[in-house]
> 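Encoded as structure tokens, here's the structure I'll be asking about.
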Amino acid sequence: MTDIAIAVLVVLAAGVVVLATAVMRAVWIIPQARARNVERLGRYHRTLEPGITFVVPFVDRVKPLIDLREQVVSFKAQPVITEDNVVVHIDTVLFFQVTDPRAADYEIVNYIKAIEQLTATTLRNVIGTLDLEATLTSRDRINTALRGVLDDASGKWGIRVTRVEIKAIEPPPSIKDAMEKQMRAEREKRAAILTAEGARQSKILTAEGDKQSAILKAEGGKRAAILEAEGQSAAIAQVFEAVHAADPDPKLLAYQYLQTLPKLAEGQGSTFWVIPSEVTAALQSVSKAFEGSLDEVTSSITRAARPSPDVPAQVERREPSGDDVAPYELAPGEPRGVADGKAR
């Protein structure tokens with residue numbers, strides 16, 4: 001092979017390489033939700049959209065891919081001083097999206113670093129106007145303030161801040177210990193209040209129950225007394241009517257005396273009792289009715305009324321005096337002796 005042939009082959013190989021390189025540099029495939037900026041002779045020319053596109057090789061320079069999807073960046077804890085001079089460390093999470101690839105590429109060198117620094121400075125400004133308690137309980141307020149400031153500042157960079165979240169707020173250990181003690185004291189106070197309220201309510205309910213029970217018992221006792229009195233009244237009225245309707249004779253009354261006299265000696269101290277003269281008259285009627293002597297009848301009554309064999313019962317006959325007045329009469333004109341016997 002001659003030198004000319006070798007030179008031709010070298011030229012052909014170089015041409016193939018140059019052609020392949022030109023083809024590769026001229027055809028670009030852009031993925032979805034991505035973008036590339038194109039510079040022509042050092043100046044911005046256009047932005048490549050997703051899909052296949054062509055550029056002029058060796059004249060246009062295609063820059064790296066720019067992600068157009070929403071991105072999440074977590075920044076490390078930033079020391080921030082609150083209004084009451086407490087140093088807290090705050091972790092933030094930022095959600096943003098590139099809306100203008102040209103501005104994100106040419107308006108700022110590193111937009112991630114810029115957003116991080118802007119978040120730190122804005123966070124210090126916002127937290128500096130709040131005390132520790134407001135800082136711990138006002139996360140929504142802090143998030144809204146950060147989002148507003150970051151969105152305004154990053155708009156010219158072609159970036160839209162969609163959301164800012166406070167991931168963690170870490171106060172100093174001494175403050176955390178004091179907060180735990182305060183929380184424990186508050187919980188103990190709340191528990192004591194609830195216990196006292198429960199005891200108070202229990203006593204109130206118990207008192208109400210006792211009151212209702214006493215009222216019901218009183219009402220029941222009142223009703224029972226009324227019913228008992230009505231029953232006794234009806235019984236007395238019925239007995240009264242029965243006695244008047246039967247028109248008892250002296251023999252029946254004398255028999256009733258005999259039935260009643262033994263009850264006089266039932267008490268423990270009944271060692272001496274008096275038999276009125278009306279009883280003697282009644283006993284005379286009984287003796288005549290049953291053909292017996294008065295002494296025999298009196299002895300039988302004494303034996304029946306004797307409370308105990310060891311304690312002899314003493315019987316005394318007492319004549320009626322002018323002071324003895326019958327407590328009531330069965331009917332107008334009824335004999336005095338009959339009324340006195342029934343009353344006693």
Side-chain angles (χ1 to χ4, degrees), residues 16-80 88-127 135-136 138-170:
V16 171
V17 171
V18 171
L19 181 61
T21 303
V23 171
M24 293 179 60
R25 295 176 65 91
V27 179
W28 290 87
I29 299 177
I30 309 300
Q32 183 65 33
R34 307 289 196 281
R36 286 178 181 270
N37 292 321
V38 177
E39 295 179 349
R40 176 168 292 179
L41 300 177
R43 297 183 61 183
Y44 171 77
H45 177 60
R46 64 190 177 104
T47 300
L48 301 182
E49 301 294 336
I52 186 170
T53 185
F54 299 93
V55 298
V56 178
F58 306 109
V59 177
D60 295 338
R61 186 172 72 90
V62 180
K63 301 194 72 176
L65 278 174
I66 298 176
D67 198 337
L68 302 180
R69 295 173 297 177
E70 186 173 358
Q71 303 179 50
V72 182
V73 180
S74 178
F75 302 130
K76 62 181 182 179
Q78 300 290 333
V80 182
V88 294
H89 290 77
I90 301 179
D91 295 339
T92 56
V93 179
L94 183 67
F95 298 81
F96 70 94
Q97 184 178 12
V98 177
T99 57
D100 187 356
R102 177 183 174 281
D105 195 8
Y106 294 102
E107 296 295 335
I108 193 168
V109 177
N110 188 345
Y111 56 84
I112 300 293
K113 188 68 174 179
I115 292 176
E116 180 181 2
Q117 296 300 322
L118 183 59
T119 302
T121 55
T122 305
L123 193 61
R124 289 188 178 95
N125 294 333
V126 174
I127 299 299
T135 301
L136 296 175
S138 303
R139 295 197 176 193
D140 292 338
R141 175 183 173 184
I142 297 172
N143 295 339
T144 303
L146 286 175
R147 178 183 174 184
V149 174
L150 292 174
D151 201 10
D152 293 340
S154 60
K156 62 180 180 180
W157 301 336
I159 296 173
R160 181 172 62 88
V161 177
T162 58
R163 193 171 184 179
V164 180
E165 292 291 340
I166 302 297
K167 185 168 64 174
I169 299 177
E170 293 293 336

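What you see below is based on every heavy atom in this structure, not just the backbone, and it leaves out hydrogens, waters and symmetry mates. Starting from 1, each residue takes its place in the sequence as its number.
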> Could you measure the distance from the CH2 atom of W157 to the CG atom of N110? Nearest 0.5 Å is fine.
10.5 Å

> With side chain to side chain contact (heavy atoms under 4.5 Å, CB included) as the criterion, how do K76 and Q78 come out once you've worked through the C-alpha distance, each side chain's angles and the decisive distance to 0.1 Å?
CA-CA 6 Å; K76 62 181 182 179; Q78 300 290 333; 4.2 Å; yes

> Can a donor-acceptor pair be found, under 3.5 Å and without considering hydrogens, that links the side chain of R34 to the backbone of Q32?
yes

> V38 and W28: side chain to side chain contact (heavy atoms under 4.5 Å, CB included), yes or no, with the steps?
CA-CA 11 Å; V38 177; W28 290 87; over 6 Å; no

> Just how far is it from atom OG1 of T122 to atom CG of D152, taken to the nearest 0.5 Å?
10.0 Å

> Do other residues, nucleotides or ligands put more than 12 heavy atoms under 6.0 Å from the CD1 atom of I52?
yes

> Of L94, I142, V93, which meets side chain to side chain contact (heavy atoms under 4.5 Å, CB included) against V164?
L94

> Can you check whether I166 reaches L146 side chain to side chain, under 4.5 Å on heavy atoms?
yes

> How close do E165 and N143 get, counting heavy atoms only, and between which atoms?
OE1-ND2, 3.4 Å

> Using a 4.5 Å cut-off on heavy atoms from C-beta on, say whether the side chain of I115 contacts that of V73.
no

> Hey, what do you get for NZ (K156) to CD1 (I108), rounding to the nearest 0.5 Å?
8.5 Å

> Are D67 and V98 side-chain neighbours, meaning at least one heavy-atom pair lies under 4.5 Å?
no

> Would you say that more than 12 heavy atoms from the other residues, nucleotides or ligands in this model lie under 6.0 Å from the CZ of R124, or not?
yes

> Would R36 and V55 satisfy side chain to side chain contact (heavy atoms under 4.5 Å, CB included), going step by step from the backbone distance to the final call?
CA-CA 12 Å; R36 286 178 181 270; V55 298; over 6 Å; no

> Does some side-chain heavy atom of D100 sit less than 4.5 Å from a side-chain heavy atom of T47?
no

> With heavy-atom distances below 4.5 Å as the criterion, would you say the side chains of R40 and V59 are in contact?
yes

> Find the distance between CD (Q117) and CZ (F75) and round it off to the nearest 0.5 Å.
9.0 Å

> If you compare all heavy atoms of P50 against all heavy atoms of A33, which two are closest, and at what distance to 0.1 Å?
CG-N, 4.0 Å

> Do NZ/NE/NH1/NH2 and the carboxylate oxygens of E39 and K63 come within less than 4.0 Å?
yes

> Between D105 and P101 (side chain of the first, backbone of the second, donor and acceptor by atom type, cut-off under 3.5 Å), is there such a pair?
no

> Side chain to side chain contact (heavy atoms under 4.5 Å, CB included) with F96: which of Q71, E70, R160, R163?
Q71

> I'd like to know if the side chain of D60 reaches the main chain of V56, judged simply by a donor and an acceptor atom lying under 3.5 Å from each other, with no hydrogens or angles considered.
yes

> Drop me the distance from L150's CG to I159's CD1, to the nearest 0.5 angstrom.
10.5 Å

> Can you tell me if Q97 uses its side chain to pair, donor with acceptor, with the backbone of L68 under 3.5 Å?
yes

> Once you round to the nearest 0.5 Å, how far does CD1 of I66 lie from CG of N37?
4.5 Å

